[in-house]
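Presented below is the structure to which this report refers.
Atoms within each ligand, like the ligands themselves, are counted from 1 in listed order. Hydrogens, waters and symmetry mates are skipped; everything else that's a heavy atom, side chains included, is used. Please read all numbers here as calculations on a predicted model, not as lab measurements.
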Amino acid sequence: MASLCTRIAFKPSHRNAVFSCVRLATTYTDPKELATGLEKREIINEELGKDPDPYGLAVKRGPGTKDKPNLIPSAFESRVIGCICDDESSHINWMWLHKGTPTRCGCGYWFKLVEKPAL
Ligand SMILES: [Zn+2]
């Protein structure tokens, strides 16, 4: 019996341990509740059936000639755009576009800034 008492005396106490049961949520929050700013406006526009990308963040190039340049919408006087000149290119050619001045990329495509009202 003495040995049992000794074992109990040296046994670590479990009183300091805290156990809690947490139930993990199996549903995710609606992205609309987490989004803010421009991202939230895009989600709302998409729900309303409007263009979710009104400023053409990803525009496919058209003919891009000097007479018929690729039109890039902007609510500002200037905008930075990136041209992936070649499909196999590993870099993006960044350039400024200014209102009223068509700009030619090094690959030969022309771009022109067109006014688009702010959302
Ligand atoms: Zn280019």
Hydrophobic clusters here meaning ILVMFWY residues chained together by side-chain heavy-atom distances under 4.5 Å, can you tell me if Trp96 and Trp94 are in one?
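The answer is yes; both residues are in one hydrophobic cluster.
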Taking all non-hydrogen atoms of both residues, which atom of Leu113 and which atom of Ser74 are closest, and how far apart?
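Residues Leu113 and Ser74, closest heavy atoms: CD1-CB, 3.5 Å.
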Classify the ring geometry of Phe111 against Tyr109: parallel below 30°, tilted from 30° to 60°, perpendicular beyond 60°.
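Geometry flag for Tyr109 against Phe111: tilted rings.
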Protein N, O or S atoms lying under 2.8 Å from the Zn ion (ligand 1), listed by chain and number:
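Only Cys83 SG, Cys85 SG, Cys105 SG, Cys107 SG fall inside 2.8 Å of the Zn ion (ligand 1).
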What residues form a side chain to side chain donor-acceptor pair (under 3.5 Å) with Glu39, not counting sequence neighbours?
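Side chain to side chain donor-acceptor pair (under 3.5 Å) list for Glu39, sorted by chain: empty.
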In sequence, state the C-alpha distance, the side-chain angles, and the governing distance for His91 and Cys85, and then conclude on side chain to side chain contact (heavy atoms under 4.5 Å, CB included).
CA-CA 9 Å; His91 73 281; Cys85 300; 5.8 Å; no
Looking at Ile84, I'd like to know if its CD1 atom is crowded, meaning that more than 12 non-hydrogen atoms belonging to other residues, nucleotides or ligands lie closer than 6.0 Å.
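Counting neighbours around CD1 of Ile84, 12 or fewer heavy atoms of other residues, nucleotides or ligands fall under 6.0 Å, so no.
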